[in-house]
Amino acid sequence: MSDMTTSNAKLEKDKLFQSEFMPYIDPLYNFAYRLTFDEDDANDLVQETYLKAYRFFDSYQQGTNAKAWLFRILKNSFINDFRKKSKQPAKVDYQEVESYYNSEDTPQEHTIDLRSDTVQHMMGDEITNALNSLGVDFRSIIILCDLEGFTYEELSKILDIPIGTVRSRLHRARNLLKEKLKDYAEKRGFKS
Amino acid sequence: MQELVGKHTQDNSKDPCCEDCSKCIEIVNLILDCEANQEQVAFFENNIKGCNKCMTHHDCYQSIVTKLKEKQDKKCCPDAIMSAIKNAIDEKA
């Protein structure tokens, strides 16, 4: 292949990469920040994600779900590489993990009662803090589903889990979030 | 998901609403996420809507998501990061 052809191919690839992937940089950055809680770490994670996406661009099928593909790369980078060298190790709530793994793949029987008007009286900060206090698996699924609006099928691909597990993990994550908010509401004297 | 509705209806034939709320709440979650099929939507509309516990879950979770979205501090990726990515890509021959 001549130099000119190689250069044209690279130009074409870069153009395609820009148009398919760069529009998602802000949502990716927000996801990275919510995983790491640190701006520098989020910056590094986003850069790493884009460079990996570029490296493996040939395996990406044009016109398919670029956003989900990028989120999947970011999530894998965070889990596999990034968390090891991160300044702030991920916090593990062992009680959450224990109840999660002990209950296999079926949703917990109980659900937490918390009234909608109680939630409406809360400050948004309390909800954000409750979300941030969840373990990374539960936090990720709520962010991706409720804030980023991914479908169950997309979540299944991003998180590399079957759709049934998406459902049950989401169910548990929402229950845990409500449990934390219920504790908060009770401490503050709200009727839950 | 057919199974989810079928099983629930069968198990609770006398009182279709919420002898087993955990199944209903799975359907409520599907409704919240726009992932329910027609049968599940119909089940929700006919049965679950009459159950306080399930409706509380539905309304409560909707409020949580609304609050989360309102409070969501959407950050923009710093320009320096975009430039660093573009430069790194340009350098790759």
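Throughout, a chain's letter reflects where its sequence line sits, starting with A, and its residues are numbered from 1.
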- Item | Interchain contact, D146(A) with chain B, by part (heavy-atom threshold 4.5 Å) | both
- Query: Which bit of Y152(A) comes within less than 4.5 Å of chain B, counting heavy atoms only: side chain, backbone, both or neither?
  - Reply: both
- Query: Taking NZ, NE, NH1 and NH2 as the nitrogens, is one of them in D33(B) or R167(A) under 4.0 Å from a carboxylate oxygen of the other?
  - Reply: no
- Message: Can you confirm whether K10(A) sits close enough to I89(B) that some side-chain heavy atom of one is under 4.5 Å from a side-chain heavy atom of the other?
- Response: yes
- Task: Might you point out which heavy atoms bring N29(B) and R174(A) nearest each other, and give the distance in Å?
- Result: OD1-NH1, 3.1 Å
- Atom pair OH/CE of Y29(A) and M82(B) - distance to nearest 0.5 Å: 11.0 Å
- Message: At a 4.5 Å cut-off on heavy atoms, which part of L177(A) comes close to chain B: side chain, backbone, both, or neither?
- Response: side chain
- Task: Mind ranking A84(B), C77(B), P78(B) by heavy-atom pairs under 4.5 Å with chain A and telling me who comes out on top?
- Result: C77(B)
- What pair of heavy atoms forms the shortest contact from D90(B) to D14(A), and how long is it? OD1-OD2, 4.1 Å
- State the CD1-CG distance between I81(B) and N43(A), to the nearest 0.5 angstrom. 3.5 Å
- Query: Any side-chain heavy atom of Q18(A) sitting closer than 4.5 Å to one from K86(B)?
  - Reply: yes
- Message: Can you confirm if the NZ or CZ of K178(A) lies within 45° of the ring axis of Y61(B) and under 6.0 Å from the centre of its six-membered ring?
- Response: no
- Top of V28(B), V65(B), L32(B), T66(B) for chain A proximity - count of heavy-atom pairs under 4.5 angstrom: V65(B)
- Task: Give, as side chain, backbone, both or neither, the part of L28(A) having an atom under 4.5 angstrom from any heavy atom of chain B.
- Result: neither
- Structural part of L170(A) lying under 4.5 Å from a heavy atom of chain B: side chain
- Query: Side chain, backbone, both or neither: which part of N30(A) has a non-hydrogen atom closer than 4.5 Å to chain B?
  - Reply: side chain
- Check whether any side-chain heavy atom of K75(B) lies under 4.5 Å from a side-chain heavy atom of D26(A), and answer yes or no. no
